[in-house]
Amino acid sequence: MRITNKIMQRNNLSNINTNKIYQDKLSTQMSTQKKINRPSDDPVIAIRALRLRSNVTEITQYYSKNIPDAESWLDVTEKALDNLSQVMKKMIEQCTKGSTGSLKTEDRKIILEQMQALGDEVYATGDADYAGRYVFTGYRTDTSLSFGKEHNQKYTLTEQLDISAIDSVTKVDTGKLLEVNSANYMTTNVTENDISSVETHRIRLAYNDCLADGAPSIQFQRRKSDDPTNPDYNVYETVTWDTLNTDAAGNPKTPEIKIMHSYETNPKNPYAMAADDPNAVIFVPETGELLLGSKRFEELMAVKDNEATKANEGEIRVTYQKEHWESTDLRPEHYFYCESDPDDPEKKLTYNESYLTGEAKHQEIEYDVGFNQKIKVNSTADECFQHGIGREVDDLVSAMQSVLDLEDLENSLKGLLKDAAGDEAATAQLEKQLAAVGKALTYAKDKEQKMFESAITQFQGYRDDAGLSITNCGNMSSKLDLIKNRTQGQKTTFETLKSENEDVDITEVAIYLQSAEMTYEAALLAAGKVMQATLLNFI
């Protein structure tokens, strides 16, 4: 094959251009510090880079955002629960003081103020939030635990209780005693015989100030037969007590539940009525209590769950209505099956329908903190912020306030008695009234002492619930710490693999580039010498 100068020229130019391309590649790698700039440079590296970048992005999301966010949520929750536990501890201390039988008026006033302040603090703590999201309200993170301000909105709600919700209550009836004052003491005849104290069974609902016309009802399951040998022994029927005058078929019937107001005394107050009538079921809307006669109490106490079935036969459902809400009242949608604005089809909203089917699921908020790994970060209000805390405080405050009112009346009557010295009629009248006050105080102080003694156990139970929630929160934090440490290691590993796959060795590339430059200069020198010799040089 004949090699001409033209061929040599083209070959030299081609080789020089190849060298320049190689130099350009090395120069680009030096400036970008990447092995490839487009997938076609090396498809294997490109595919592996896509996978590793995806892994690094995902693990960075877990480590730098999700895990810190979960840690912050748990931190806010744990501090709120710890505050709740401290409040419960202080309540127990106040109950211990209140349970002593030698309290003075000043002591009672201090305890009263402390209990009211602590009661308000409980639900204020329940409104703790993280980054604008309420931490104890399940999925409804945009809705506060309590109403926050006085509010009017009708709700129909169903509480799902069991026999543990049934307790007893003492009612001290002072008649017209507290109406006695310096202006009417001569015309107000109250004696010791007008003072009485009764104890009856009750179901204390989650709220007071309920609607009297809210058609309250109680529903539970009862065995068709009490004989274990009877085929109907394991067959249950639904029993409903309500205020209706007709049954489902429209036939007349006697209402099982009677509505009475707390201020009614004709012929007796509702507590005395329930104590005297074994078949009584009395709803007191102002106090949110269902008072039970002895027979009705025994019927409900016989309600037991059958462990052989999936259904909960031990459940007692109480349905009622409430319209006026105080600022500290807990929103029912966080706790119960309920309907807001039940009378308005356009505004009506139904909450927690699954609660009545037995398929309710806990509203767990979970964070993705690893590959196919989630962690629960929230505690729900029903675990630690129960209605019973506030209701217990209300009962204690009411009992202590009754004692304070009677002590004030006693001091007032003693002053009047001192001023009436020499007036036999006034003295006799005041002495009778003072005797009635003494009897009422004996009953009221006994009730107060027993309630405060019982409340110690109740609040300790609530504190234990808070402690359990704190423990669960701590367990979640510990688990999250382990995940964080592991994720940190994974992040380092993936970043190393990504770097090894994509990044160049700068030292190595610099050497190759220097070598390419020397080769290029040598090629130019060789081409110059070859191109100088032509046929003309030999003519």
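Because the structure is a prediction, the values reported are computed rather than measured. Throughout, residue positions are numbered sequentially from 1 according to the sequence presented.
Surrounding NZ of Lys304 are more than 12 heavy atoms belonging to other residues, nucleotides or ligands, all under 6.0 Å away. In the displayed structure, Glu237 atom CD is contacted under 6.0 Å by more than 12 heavy atoms of other residues, nucleotides or ligands. More than 12 heavy atoms of other residues, nucleotides or ligands shown are found within 6.0 angstrom of NZ on Lys376. In the displayed structure, Asn485 atom CG is contacted under 6.0 Å by more than 12 heavy atoms of other residues, nucleotides or ligands.
Listed by chain and residue number, Lys253 satisfy the side-chain hydrogen bond (donor to acceptor under 3.5 Å, both in side chains) test with Glu256 (two or more places apart in sequence, or in another chain). With sequence neighbours excluded, the residues that form a ring pair (Phe, Tyr, Trp, His ring centres under 6.0 Å) with Trp325 are Phe147, Tyr155, Tyr207. With sequence neighbours excluded, the residues forming a ring pair (Phe, Tyr, Trp, His ring centres under 6.0 Å) with Phe336 are His387, listed by chain and number. Taking the salt bridge (Lys or Arg N to Asp or Glu O under 4.0 Å) definition, one finds that Asp464 meets it with nothing, sequence neighbours left out. In this structure Asn234 satisfies the side-chain hydrogen bond (donor to acceptor under 3.5 Å, both in side chains) test together with Arg223, sequence neighbours excluded. Residues that satisfy the side-chain hydrogen bond (donor to acceptor under 3.5 Å, both in side chains) test with Thr156, not counting sequence neighbours, are Gln321.
For the 3.5 Å distance criterion, the side chains of Glu159 and Tyr320 qualify, holding a donor opposite an acceptor. Under 3.5 Å, the side chains of Ser164 and Asp162 contain a donor-acceptor pair of N or O atoms. Asp227 and Ser225 form no side-chain donor-acceptor contact under 3.5 Å, judged by distance and modelled atom types alone. No side-chain donor from either of Thr328 and Asp120 sits under 3.5 Å from a side-chain acceptor of the other. No side-chain donor from either of Asn378 and Glu364 sits under 3.5 Å from a side-chain acceptor of the other. In this structure, a donor-acceptor pair under 3.5 Å is present between the side chains of Glu121 and Thr125. Side-chain atoms of Tyr130 and Asp69 include a donor-acceptor pair closer than 3.5 Å. A donor-acceptor contact closer than 3.5 angstrom is absent between the side chains of Tyr337 and Gln160. Between the side chains of Gln61 and Asp368, not a single donor N or O lies within less than 3.5 Å of an accepting N or O.
A salt bridge links Arg296 with Glu299: the closest approach of a Lys/Arg side-chain nitrogen to an acidic carboxylate oxygen falls below 4.0 angstrom. We find that Lys104 and Glu106 are not joined by a salt bridge, their nearest charged nitrogen and carboxylate oxygen being 4.0 Å or further apart. Ion pair Lys450/Asp446 flagged as a salt bridge, since at least one NZ, NE, NH1 or NH2 atom sits closer than 4.0 Å to an Asp/Glu carboxylate oxygen.
A side-chain hydrogen bond (donor to acceptor under 3.5 Å, both in side chains) with Ser168 is found for one member of His201, Arg202, Glu199 and no other, namely Glu199. Residue Lys154 forms a salt bridge (charged side-chain N to carboxylate O under 4.0 Å, His left out) with just one option from Asp341, Asp344, Asp343, and that option is Asp343.
Side-chain atoms of Thr319 and Gln219, non-hydrogen and from C-beta on, never get closer than 4.5 Å to each other. You'll find the side chain of Val190 reaches within 4.5 Å of the side chain of Leu177, heavy atoms only.
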